[in-house]
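The structure under discussion appears below in the form of structure tokens.
Remember, it's 1-based here, ligands and their atoms both numbered in the order they're listed. Since we're looking at a predicted model, the values are computed, not measured.
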Amino acid sequence: MKFFIDTASLSQIKEANDLGVLDGVTTNPSLMAKEGITGEQNIIQHYLDICRIVDGDVSAEVISTDFKNIISEGEKLAGLHKNIVVKVPMIKEGVKAIKYFSEKGIKTNCTLVFSASQAMLAAKAGATYVSPFIGRLDDVSTDGYELIKSMRLIFNNYKFKTQILAASIRHPMHVVKCAEIGADVATCPLSTILALLKHPLTDIGLAQFLADHAKGEKK
Ligand code: G3P
């Protein structure tokens, strides 16, 4: 499974990249705003900065919601760097735009996906990635894993190449379960990526090994 980091923070992207296990980055307008990135030129520069840190796909989301403007915004974003993936919302105009981009060889990530029917449409339109938001489904007492299982089955049945990018991940077990049920990618905050490596027995065991070694050295 590929690991993406879900943030627009350059320092967090650097920290995750330094671990050596990072395959890409996802951003969204809320994450960009959280970093204080506003204005077209600053936004463009920020995507370029991210692409300089990570050698992998970087999702950059369009703000437009009508076909014509999604296309012009998406083409501008895609032209910035070969690793930019145009992130498009799951709306009617978005599906049309994904089809257009796929015919032009521009990579897309269909975002805000909450049902298998939406995922199927995105795959039919030729999306590179489709992003089910599993944490937000959990928030409304709905099982996000069931959605991913259904998507996996449908994509396998019809050999769709679209990759399942599990998003809105909140904790390490989300990542583990998504890997078990066949998501292609998990995009996580830095805190979740770092939480993957923690176990109290590792910490206790290491402290014991180091203490025993120190005792031996004193003899
Ligand atoms: O990639 C989408 C993700 O950022 C949404 O996460 O935690 O806001 O539901 P969250």
Residues 110-120, side-chain donor-acceptor partners within the protein, below 3.5 Å, at least two apart:
| from | atom 1 | to | atom 2 | distance (Å) |
| --- | --- | --- | --- | --- |
| Ser115 | OG | Ser117 | OG | 3.0 |
| Ser115 | OG | Gln118 | N | 3.1 |
| Gln118 | OE1 | Phe114 | N | 2.7 |
| Gln118 | OE1 | Ser115 | N | 3.2 |

CG (Asp49) with more than 12 external heavy atoms under 6.0 Å: yes
Answer yes when Glu75 and Lys104 have at least one side-chain N-carboxylate O distance shorter than 4.0 Å, and no when they do not. no
Please tabulate, line by line, the atom pairs linking an N/O of ligand 1 to a protein N/O at a distance below 3.5 Å, with the distance in Å to 0.1, or answer 'none'.
| from | atom 1 | to | atom 2 | distance (Å) |
| --- | --- | --- | --- | --- |
| ligand 1 | 1 (O) | Asp6 | OD1 | 3.2 |
| ligand 1 | 1 (O) | Asp6 | OD2 | 3.2 |
| ligand 1 | 4 (O) | Asp6 | OD2 | 2.5 |
| ligand 1 | 4 (O) | Asn28 | ND2 | 3.1 |
| ligand 1 | 7 (O) | Arg170 | NE | 3.1 |
| ligand 1 | 8 (O) | Arg136 | NH2 | 2.8 |
| ligand 1 | 9 (O) | Arg136 | NE | 2.7 |
| ligand 1 | 9 (O) | Ser168 | OG | 2.6 |
| ligand 1 | 9 (O) | Arg170 | NH2 | 3.0 |

Check whether any side-chain N or O of Asp184 sits under 3.5 Å from a backbone N or O of Ile164 as a donor-acceptor pair, and report yes or no. yes
Taking the side chain as C-beta and beyond, is there a heavy-atom pair between Asn69 and Glu93 under 4.5 Å? no
Apply the side-chain hydrogen bond (donor to acceptor under 3.5 Å, both in side chains) test between Ser59 and each candidate in Thr187, Thr26, Asn109, Thr128; give the one that qualifies. Asn109
